[in-house]
Every structure is written in structure tokens, then in C-alpha cells.
Amino acid sequence: MKIILASNSPRRQELLKGLDVDFRVEVKKGIDESYPEDMPINQVPEYLSMKKASAYEIGDDELLLTADTLVILDGKALGKPKDASQAKEMLHSLSGKTHQVITGVSFTTKDRQHHFSVSTDVTFKQLSDEEIDYYITNYKPFDKAGSYGIQEWIGYIGVTSLHGSYFNVMGLPVQRIYEELKREGFM
């Protein structure tokens, strides 16, 4: 199967490369990422990964990999911040607390779809205003759900514990993807 990664994320591309599989990147713009209001928030990433897949035409010998990652704190989703003020607000809300990072993944071929979610609990220390300001100024986390990248400075100094997949928090649970690709006969 020819693998297509439907993501512009440099982190997802880097992580998938780490599995030593050949793939190409194909991205469609303007995919609707809305979801039913009454859907349980922990089901949203998997739902959106399947919804993204429906926007693509897939050849007979192709496997489309789509993913969606959500940061959830106290039952509410934290998306990508619009500006520094919103990023600061999000990081303050995560400070001193444990939150979940859920990534929904779909493998789609012409004949079938296989999907799953991976959840990781992440705990931050109490972050100071200076630490939050430094991170936002120097790392500009405006393309990251929850306003942070665990692989960046804020992860180094702020994350006190992690239960689950580190790579899931980066945006792609590659260990589980590898296992599922093998189990489903795609490798």
C-alpha cells in the first residue's frame, strides 16, 4: 500500500518518518472540522479523523492516514490559540493541573476504514507568569492545541508527569500506529 499522510504538521511528518515507512503528504484545505454539540468530547478527535478522511479520493493501492489531536482540560477542549493573550490564558489554565491529550487516527482505503484513539495524561507544575511569557515570546505556540509543544522548552521545564504516549502528545501516537498497521495487514 502507498501511504498518504493527510497532515501539514511538521511534527506528524517527522514522527511518521521515524517508523521508516514510505509515505507522501497530501493536504486538502478547508475541511469542515465541526462536530455534533452533544458528542462526548473524548470522541471528537476520532470523529474528526474520520471526517477528514471523507474529503479525499483514494486509489486502489493507497492507504490514507488522518489524525486529529485535542487537549482536554476539565471536560473542555483547548484548541489552537488565536493570539498571545489566548495562549497565555490557556497555559495559565493548564498550570498546576493534569489534562488529557487525545489523538484520533483513521486508516482509510478504498474498501474500508479502521480508526482508534489514544489518550495521554499530562501534568504541569505551577507555571509562573515569567515562564509563560518567555515561552510564548520565544516559541510562538499558535499552531498547537493547548498552546504548547511538549517537545519544546515549556515541556522541558513544566511537565512533571506523563501517563501514556509521549509521541501522542506531540500529535501522532506512532507506537500504536505501527501496531495497528501491522495488525490490520497494511505492513
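Just so it is clear, the values below take in all heavy atoms, side chains as well, and ignore hydrogens, waters and symmetry mates.
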Partner set under salt bridge (charged side-chain N to carboxylate O under 4.0 Å, His left out) for [X], not counting sequence neighbours:
X    : answer
D121 : none
K2   : D61
K125 : E131
R183 : E180

Quiz item: What pairs of residues pass the side-chain hydrogen bond (donor to acceptor under 3.5 Å, both in side chains) test when at least one of them lies in residues 73-84, not counting sequence neighbours?
Solution: none
Exercise. Can you tell me which residue pairs pass the side-chain hydrogen bond (donor to acceptor under 3.5 Å, both in side chains) test with a partner in residues 148-163, sequence neighbours excluded?
Key: H99-Y148, T123-S161, Y135-E152, K144-E152
Quick one: list whatever passes side-chain contact (heavy atoms from CB on, under 4.5 Å) with [X], sequence neighbours left out.
X    : value
Y178 : L19, K182, M187
E89  : none
S9   : S7, R11, R12
A6   : Y56, L64, T66

Practice problem: Could you note down all residue pairs passing salt bridge (charged side-chain N to carboxylate O under 4.0 Å, His left out) where residues 107-118 supplies at least one of them, sequence neighbours left out? | Solution: R112-E184
Self-check item: Sequence neighbours excluded, every pair satisfying ring-ring contact (aromatic ring centres under 6.0 Å, His included) that has a member inside residues 15-48
Solution: none
